[in-house]
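When a ligand or atom number is given, it counts from 1 through the structure's own listing order.
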Amino acid sequence: MKGKPVIAPVHLTATYKFDNTDDLIDVVQNRSGYIYSRWDNPSVVEVEKTLAAMEGYDRALGFGSGMAAITTAIMANLKSDSRVISTREIYGGTFELLNDVLAKFNVDPVFINCWKTRQIIDEIQQGISVLYLETPTNPLLRVADIKPLAEAAHDQGAVVMLDATFASPINQRPLDLGVDIVIHSATKYLGGHHDITAGFVCCNNAYVDQIWTYRKILGGVMDPMSAFLAQRGIQTLELRIRRQNKSAMKIAAFLDEHQKIKTVYYPGLPSHPDHEIAIRQMSGFGGMLSFEINGDFDKTKQFMDGLKVIKLATSLGGVSSLANQPITNTHAALSPENRAKAGISESLVRLSVGIENVDLLIQDLGQALETV
Ligand SMILES: Cc1ncc(COP(=O)(O)O)c(C=O)c1O
């Protein structure tokens with residue numbers, strides 16, 4: 001038949017058949033093909049190749065969620081006596097993994113605020129196996145200075161991991177900053193349409209076999225349908241990110257001038273404490289921003305309930321603009337003291353800017369602020 005599909009099929013198969021036993025043995029021993037989809041699946045391999053090329057690493061591996069990618073990558077690189085240093089401002093699930101789950105295995109992580117570069121380096125110089133970073137951070141968009149931290153970690157022979165979900169591969173290039181293992185929650189920008197839960201790890205060949213083996217054992221592999229949707233999402237990633245960068249900057253400037261807003265947290269604003277690092281390290285400031293309303297919890301709730309275009313929802317990074325009050329969901333589990341330490345007030349709002357018309361979004365924020 002002439003003519004081939006432009007779009008690769010979705011390989012909805014759990015297992016694979018062989019013409020003879022020798023072929024099957026070859027695949028089991030040499031991974032020369034497919035045998036079982038918890039090991040590999042053609043649709044997943046397709047999107048893995050796309051992402052590896054985009055990030056510039058030898059390989060990428062697909063996972064069933066961002067957390068599956070994080071747990072598998074960390075566990076694959078830990079020994080029972082490993083010393084882990086992590087920035088404190090990491091995703092809540094990652095914090096629980098390092099602080100609670102891995103404590104059972106004699107791993108005792110050290111957490112340091114991501115802006116205390118000198119202190120992190122001093123700690124690294126006392127010996128380290130894994131340096132875990134996440135930047136920009138959630139929800140205050142702090143930007144850790146990756147390069148000097150990665151250099152210090154490498155001097156100690158440590159592996160450097162980075163959760164780069166907020167920046168996406170478009171706004172930040174971890175390979176050039178010395179990162180060994182990059183992690184993405186593809187539920188966010190890579191998928192981009194709020195319709196998949198998925199994750200990726202990108203790394204060079206030196207790290208990939210161990211992570212692949214742990215993925216096979218722990219079982220958090222990406223499913224073929226999510227791989228297909230991630231592949232489709234990634235095709236428009238650059239377009240979406242460029243628009244979201246631009247819209248977020250315009251919204252941040254609008255909010256910064258608004259009398260009902262106390263503070264705006266956006267790395268693109270000169271007032272942001274990490275603006276200089278962001279200029280040096282990122283090629284775009286991203287589509288995420290946070291702000292504090294002049295008022296208490298109830299006034300902020302009133303603002304949230306007044307939004308008409310922007311949806312009240314958790315998660316981020318997709319085509320629709322989403323807003324939430326971190327205190328009510330993403331950071332609800334923190335004690336008031338820990339919340340205060342993390343700088344999360346009752347009037348803080350996190351906004352994930354989508355691809356809608358930016359003037360419509362500004363109008364929506366303006367009219368909701370009028371209700372306060
Ligand atoms: C920065 C970051 N990393 C990881 C995750 C976890 O990803 P997932 O929900 O896909 O497991 C999230 C989820 O919100 C996140 O924001």
### Message
I want to check something: taking the side chain as every heavy atom from C-beta on, are Asp40 and Trp212 in contact at a cut-off of under 4.5 Å?
### Response
yes

### Query
Between the side chains of Asn171 and Ser168, is a donor N or O closer than 3.5 angstrom to an acceptor N or O?
no

### Query
With a 4.5 Å limit on heavy-atom distance, are the side chains of Val201 and Arg59 in contact?
no

### Query
By salt bridge (charged side-chain N to carboxylate O under 4.0 Å, His left out), which residues pair with Asp274, not counting sequence neighbours?
Arg142

### Query
Which of parallel (below 30°), tilted (30 to 60°) and perpendicular (above 60°) describes Phe95 and Phe111?
tilted

#### Entry: Note: Asp209-Arg31 ion pair, threshold 4.0 Å (strictly below)
yes

Mind listing the N or O contacts between ligand 1 and protein, cut-off under 3.5 Å?
residue	atom	partner	partner atom	Å
ligand 1	3 (N)	Asp163	OD2	2.6
ligand 1	7 (O)	Ser185	OG	3.0
ligand 1	10 (O)	Gly66	N	2.8
ligand 1	10 (O)	Ser185	OG	2.8
ligand 1	10 (O)	Thr187	OG1	2.6
ligand 1	11 (O)	Gly66	N	3.1
ligand 1	11 (O)	Met67	N	2.9
ligand 1	14 (O)	Lys188	NZ	2.8

